[in-house]
Amino acid sequence: METSGFTIAIMAAGKGTRLKSKRPKVLHEIGGRALLLHVIAAAKTVVPADQIYCIIGHESERVRAAVGATGVQFVLQPEQRGTGHAMQVLKADFELSGAALPKHLLVLSGDVPLIRPETIAAVRDAHLQEKAAMTILTAVPTDPTGYGRVLRLTSEGPEVVAIVEQKSLSPDQLKAPEINSGIYCFETKALFSKLDSLSTNNAHGEFYLTDVAAMLVAEGKRVVAIKADSVDEVLGANTIAEMMHLDAAIRLDAAKRLMAAGVTIFRPETCVIDSEVTVGPDTVIEPYVQLLGTTKIGSESRVRSYSVIQNSTLGDNVLVRNGCILDAAEVADNALLGPYAHLRPESRIGDGAHVGNFVETKKTTMGKGSKANHLTYLGDAVIGANVNIGAGAITCNYDGVHKHLTTIGDGAFVGSDSTLVAPITVGAGSYIAAGSSITEDVPEGALALGRARQVTKSGWVAKKKSAQKQESR
Ligand code: UD1
Ligand code: CA
């Protein structure tokens, strides 16, 4: 079959009034990704990016900035007067640029985000096979309310008579079960020939693209419908509730994909897992865990409940105890984190290292086997192997203007409650006494004390008490 000569248009100019949001509808996220990016990703597997035209309008600059990197083309629809108007604007753009008209035009909706590449290809192929002027992707959901309905000529045949919008349904059409997905394939010339005849004489006062169906039929052109394999992939995202329904579907798919690859996920419906996340076999994910963005986790690791891991890479046999937050961190095999550790960007935790209770790291490398088990802040630090950082130790990395580096050599021992005032170097194998404030470099193997000497007054309490007794007489 000749599948060239196809261009894709994605309608993404609408405001999304039903969301009651400042953010344009197509930039709302499900599965951790903007609606429009889902649609573009699917479209790009069917035609090259430069054959995809995104029709943008509401907050167009914001939308362009958010999806520009995909390489798609943009057409501006400054006023949004309906889906038919979006096509009028596209037509005018083609005419103005003098570009050759594509023979066929696949039209997708920016707010129907779960559409799969296979389904777009199926619409294209059915369109060619049926030699249709317009091919409509449809579905039969449990509740069709709100959608335009596709009325077929006969219940068996593919031929369509018309698409009727919800508000225009006659009482006996209200139960019509087959919905218009908002995804179509057109013979471009046939579509463009009808656009000027559209009117706004309807409930919304808009130009409806859906009216083109009956207009083509009236001219004796072939308009057909094909049903999508799954209802979910053609559901629209018009309200927050609808989006969260789709979001849950995506997350559950992601969890299922990981489970099929050998990952144990307890109560997967409580976990939030983005589509790009990868996890090795025999890793266990406990309830209420979030794995976001480009996170990668190795095998035989365990992530305990309430941890949120974003754009981070974890090795094998890592234990993430409860309540950890990781953002753009790298964690080597056998490491132990938490509970309640916070690993901020550029934290690099070595093999077998521990980052324990209430420890925060940022832009910090911890060597193999090093430990910071309790209540510590490590920022802008390069820490060698087998270093012990005592409870409450802190790198003072910020002087109010600049950030400074702390370097700690292999095997050093930093006593509890020490402050290391950066820039500073603590030599390998050295000791820092607990409670020290270290402001000067410590050589290898040295002991550094940076605290006031303790004063002990023997018998002081008894003397004080007898003095108080005499006073009160
Ligand atoms: C549309 C269909 C309806 C179908 C449903 C499927 C029409 C008239 N109705 O209704 O039959 O069941 O989709 O989800 O087409 N847009 C523009 N410019 C505009 C208006 C809209 O680009 O001027 C974009 C929107 O951003 C959105 C898409 O077109 O991505 C669909 O518009 P929307 O207003 O959501 O249409 P529905 O009411 O859902
Ligand atoms: Ca919609």
Side-chain angles (χ1 to χ4, degrees), residues 8-19 21 23-28 34-40 43 53-60 62-63 67 74-93 107-115 134 136-141 143-151 160 162-169 173 176-184 186 191 195 198-215 225 228 231-243 245-246:
I8 292 184
I10 305 176
M11 300 183 291
K15 177 164 186 264
T17 314
R18 286 165 277 184
L19 290 175
S21 163
R23 204 175 349 157
K25 170 157 70 174
V26 293
L27 293 190
H28 275 257
L35 298 181
L36 183 53
L37 285 174
H38 284 275
V39 180
I40 291 174
Y53 291 81
C54 266
I55 299 156
I56 57 174
H58 179 70
E59 295 258 24
S60 59
R62 219 170 139 183
V63 177
V67 309
F74 295 98
V75 175
L76 191 64
Q77 185 193 11
E79 253 189 298
Q80 295 87 51
R81 304 181 61 199
T83 48
H85 183 241
M87 290 299 119
Q88 289 172 353
V89 169
L90 179 70
K91 177 176 173 246
D93 188 81
V107 177
L108 309 179
S109 286
D111 66 344
V112 181
L114 298 194
I115 188 68
M134 176 181 190
I136 306 159
L137 181 68
T138 69
V140 180
D143 181 10
T145 312
Y147 289 93
R149 302 314 153 73
V150 175
L151 307 180
V160 167
I163 304 175
V164 184
E165 291 305 302
Q166 170 78 34
K167 287 201 174 154
S168 312
L169 290 168
Q173 288 171 335
E178 190 168 9
I179 65 158
N180 165 29
S181 68
I183 291 169
Y184 322 87
F186 290 98
L191 167 66
L195 292 175
L198 289 175
S199 88
T200 57
N201 185 15
N202 54 50
H204 289 106
E206 291 184 345
F207 294 103
Y208 289 167
L209 175 56
T210 46
D211 285 349
V212 169
M215 292 161 78
V231 172
D232 267 359
E233 74 173 302
V234 301
L235 292 181
N238 299 295
T239 63
I240 304 269
E242 283 175 0
M243 279 187 202
H245 176 77
L246 300 182

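Worth knowing before you read on, the calculation uses all heavy atoms, side chains too, and leaves out hydrogens, waters and symmetry mates. Order of listing sets the numbers, starting from 1, for every ligand and every atom in it.
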Hey, looking at atom 18 (N) of ligand 1, which of Gln77, Gln80, Glu79 has the closest heavy atom? Gln77
Using a 3.5 Å distance criterion without hydrogens, assess whether the side chain of Ser109 forms a donor-acceptor pair with backbone atoms of Met11. no
Could you tell me whether the side chain of Gln88 and the main chain of Leu195 form a donor-acceptor pair under 3.5 Å? yes
Check each heavy atom of Val234 against ligand 1 and say whether those closer than 4.0 Å belong to the side chain, the backbone, both or neither. neither
May I ask you to check whether Ser109 brings an N, O or S atom to under 3.0 Å from the Ca ion (ligand 2)? no
Do any heavy atoms of Arg18 fall under 4.0 Å from ligand 1? yes
Examine distances only and state if a side-chain atom of Gln80 and a backbone atom of Pro78 form a donor-acceptor pair shorter than 3.5 Å. yes
Checking heavy atoms under 4.0 Å, the part of His58 that sits near ligand 1 is neither
Using distance alone, determine whether Gly236 and ligand 1 share an N or O pair under 3.5 Å. no
Among Gln173, Gln166, Glu178, find the residue that satisfies the side chain to side chain donor-acceptor pair (under 3.5 Å) test when tested with Arg149. Gln166
Give yes if a backbone or side-chain nitrogen or oxygen of Tyr147 is under 3.5 Å from a nitrogen or oxygen of ligand 1, and no if not. no
Is the closest heavy atom of Ile179 to ligand 1 under 4.0 Å? no
Please check: side-chain N/O of Thr239 versus main-chain N/O of Glu242, any donor-acceptor pairing under 3.5 Å? yes
Please assess Leu19 against Thr17 for the test side chain to side chain contact (heavy atoms under 4.5 Å, CB included), listing each intermediate value before the final yes or no. CA-CA 5 Å; Leu19 290 175; Thr17 314; over 6 Å; no
Taking distance alone, with N or O pairs closer than 3.5 Å, would you say Ile55 contacts ligand 1? no
Below 4.0 Å from any atom of ligand 1, is there a heavy atom belonging to Glu165? yes
Between Asp111, Ile56, Val112, flag the one that comes closest to atom 35 (O) of ligand 1 by a heavy atom. Asp111
Would one find an N or O of Lys25, backbone or side chain, under 3.5 Å from an N or O of ligand 1? yes
Yes or no on side chain to side chain contact (heavy atoms under 4.5 Å, CB included) for Val140 and Val231, after CA distance, side-chain angles and deciding distance? CA-CA 7 Å; Val140 180; Val231 172; 5.7 Å; no
Of Pro24, Ser181, Ser109, the one whose closest heavy atom lies nearest atom 14 (O) of ligand 1 is Ser181
Determine, step by step, whether Val67 and Phe74 satisfy the side chain to side chain contact (heavy atoms under 4.5 Å, CB included) criterion, reporting the C-alpha distance in whole Å, the side-chain angles of both residues, the deciding distance to 0.1 Å, and the verdict. CA-CA 10 Å; Val67 309; Phe74 295 98; 3.6 Å; yes
Restricting Asp111 to its N/O/S atoms, the closest one to the Ca ion (ligand 2) is OD2
Option of least heavy-atom distance to atom 20 (C) of ligand 1 (set: Cys54, Gly82, Ala213): Gly82
Has ligand 1 got any nitrogen or oxygen that is less than 3.5 angstrom from a nitrogen or oxygen of Met11? yes
Report the part of His85 in contact with ligand 1, treating N, CA, C, O as backbone and CB onward as side chain, heavy atoms under 4.0 Å; options are side chain, backbone, both, neither. neither
Quick check on atom 1 (C) of ligand 1 - does any protein heavy atom sit closer than 4.0 Å to it? no
Would a distance-only check, ignoring hydrogens and angles, find a side-chain to backbone donor-acceptor pair under 3.5 Å from Thr138 to Asn180? no
Above 12 or not: heavy atoms from other molecules or residues under 6.0 Å from CG of Asn201? no
Counting heavy atoms only, name the option from Leu235, Asn180, Val75 that's nearest to atom 12 (O) of ligand 1. Asn180
Looking only at distances, can you tell me whether any N or O atom of Thr83, backbone or side chain, sits closer than 3.5 Å to an N or O atom of ligand 1? yes
For atom 13 (O) of ligand 1, the protein heavy atom that lies nearest, with its residue and separation: Gly182 CA, 4.4 Å
Given Tyr184 and Leu191, is the side chain to side chain contact (heavy atoms under 4.5 Å, CB included) satisfied, shown in steps? CA-CA 11 Å; Tyr184 322 87; Leu191 167 66; over 6 Å; no
Under 3.5 Å, side chain of Thr200 to main-chain N/O of Phe207, donor-acceptor pair present? no
Is there a nitrogen or oxygen of Gly148 sitting under 3.5 Å from a nitrogen or oxygen of ligand 1? yes
If you count the atoms of ligand 1 from 1 in the order shown, which ones are under 4.0 Å from a heavy atom of Arg81? 23 (O)
